[in-house]
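Read the structure below first, then the notes.
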Amino acid sequence: MNKIKIYDIIATSKHKEGLSNMTSFIIVEDDKKTQDTIKEVLRRVVISKDNSIDIKYFTKYTKELKKIIDDNSFRKVYIMDIELETKTSGIEIAKMIREKDWESEIIFITCHDKMFETVYRSVYEVFDFIEKFFNMEKRLEKDIELIFKKNFDNKMFTVSNRNVDLQIYYRAITYITRDKEERKVLIHTDTNVFKLNMTLNDIISLLDDRFIQTHRSCITNHQRVHEWNWPKNHFILDNGQKIEYLSKKYKKEVERVCSI
């Protein structure tokens, strides 16, 4: 579990959690020639058009790559070789991605066309499977163009005035609670907690329909809930965290919204 950072958003502070136009390309490839080919495609298709693109290169699974996978606050496109010269394969990395992230795209590149069935049996929501020696550049270029045409969930919770500038992706917010002692609301994400001088009623008007009240002191992003446990008055988030802010008073409305 990542260490949670707490930000107290007071009159003298400004903080931005996400950038709505940010896209990162994560390249995991240990063959230098193939990596150079991918670089050239990205330079031609993406970099010349959009300066908000970030590109990171890896030859194997690392702590830095894990940190990127765990952070769901920005859009990512993974381009990965299946067979890497380490014990962690591209397929295993893709499984880790899908445990936490269903928004980002995954493109596999390989020398072996026989891996096609293995990939689609093992990893959900693969954008494409490209053979290195069969029109790789053209297919990768077409894939990237298509990805940029797709809609992406970049809606943001925004509080902005002369003292506070806070922006957080809705999809990054797991739940929001009320702190009785400090009389503030606490906006929880996977890695951070943001304190604001607002009430839950103030917050509700700034949220979209993925958020529902689950307790008198809690508003929850129902799209991030993995399991509702009404007998024990808690729910489990998709990151495994157990939250004890579930009241039967709201059960009917929660079940109605989640069934839509």
Open item on the list: Between Asn239 and Lys100, is there a side-chain donor-acceptor contact under 3.5 Å, judged purely by atom types and distance?
Closed with: no
Open item on the list: Donor-acceptor pair, distance only, cut-off 3.5 Å: does the side chain of Thr37 make one with the backbone of Lys33?
Closed with: yes
TODO: Examine distances only and state if a side-chain atom of Thr220 and a backbone atom of His222 form a donor-acceptor pair shorter than 3.5 Å.
DONE: no
Open item on the list: Between Lys138 and Glu141, does any side-chain N to carboxylate O distance fall below 4.0 Å?
Closed with: no
TODO: Could you tell me whether a side-chain N or O of Arg139 sits under 3.5 Å from a main-chain N or O of Phe129, the two making a donor and an acceptor?
DONE: yes
Task: Crowding at CD, Glu85 (>12 non-hydrogen neighbours, <6.0 Å) - done: no
Task: Over all atoms of both residues, closest heavy-atom pair of Lys132 and Asp31 - done: NZ-CB, 4.2 Å
Open item on the list: Between Arg183 and Asp179, does any NZ, NE, NH1 or NH2 come within less than 4.0 Å of an OD or OE carboxylate oxygen?
Closed with: no
- [ ] Considering only NZ, NE, NH1 and NH2 on the basic side and carboxylate oxygens on the acidic side, decide whether Lys95 and Glu92 come within less than 4.0 Å.
- [x] no
TODO: Mind checking the OG1-CZ spacing from Thr189 to Phe194? Nearest 0.5 Å is all I need.
DONE: 5.5 Å
Open item on the list: Would Lys39 pass as a cation-pi partner of Phe25, given that its NZ or CZ must be under 6.0 Å from the six-membered ring centre and within 45 degrees of the axis?
Closed with: no
Open item on the list: Taking side-chain contact (heavy atoms from CB on, under 4.5 Å) as the criterion, tell me which of Ile173, Ile203, Leu206 meets it with Phe211.
Closed with: Ile173
Open item on the list: Nearest 0.5 Å, please: how far is CD1 in Ile79 from CZ in Phe108?
Closed with: 12.0 Å
Open item on the list: Taking the six-membered ring for Trp, are Phe157 and Tyr169 closer than 6.0 Å centroid to centroid?
Closed with: no
Task: Straight-line distance of His188 NE2 to Asn221 CG, nearest 0.5 Å - done: 13.0 Å
Open item on the list: Donor-acceptor pair, distance only, cut-off 3.5 Å: does the side chain of Lys248 make one with the backbone of Trp230?
Closed with: yes
Task: Flag, side chain of Gln213 to backbone of Ile219, donor-acceptor distance under 3.5 Å - done: no
- [ ] Quick one: pull up CG in Asp190 and CZ in Arg171 and give me the separation to the nearest 0.5 Å.
- [x] 11.0 Å
Task: Any donor-acceptor N/O pair, Asp202 side chain to Thr199 backbone, under 3.5 Å - done: yes
Open item on the list: I'd like to know if Arg44 pairs up with Glu137 as an ion pair, taking the criterion as any Lys NZ or Arg NE/NH1/NH2 lying under 4.0 Å from an Asp or Glu carboxylate oxygen.
Closed with: yes
Open item on the list: Working to the nearest 0.5 angstrom, can you tell me the gap between Ile93 CD1 and Ile82 CD1?
Closed with: 11.5 Å
Task: Minimum side-chain heavy-atom gap Tyr170-Arg210 below 4.5 Å - done: yes
Task: Pairwise distance CD1(Ile109) to CD1(Ile38) - rounded to 0.5 angstrom - done: 4.0 Å
- [ ] Could you go through the salt bridge (Lys or Arg N to Asp or Glu O under 4.0 Å) check for Lys142 and Glu145 one step at a time?
- [x] CA-CA 5 Å; Lys142 182 179 178 181; Glu145 294 280 9; over 6 Å; no
TODO: Quick one: closest heavy-atom pair of Ile69 and Lys76, and the distance?
DONE: O-NZ, 3.7 Å
Open item on the list: Is it the case that the side chain of Arg98 and the backbone of Asp101 share a donor-acceptor pair, with hydrogens and angles ignored and the cut-off at 3.5 Å?
Closed with: yes
- [ ] For atom NZ of Lys252, decide whether the heavy atoms of other residues, nucleotides or ligands shown that lie under 6.0 angstrom number more than 12.
- [x] no
TODO: Classify the side-chain pair Asp54/Ser24 by whether it contains a donor and acceptor separated by less than 3.5 Å.
DONE: yes
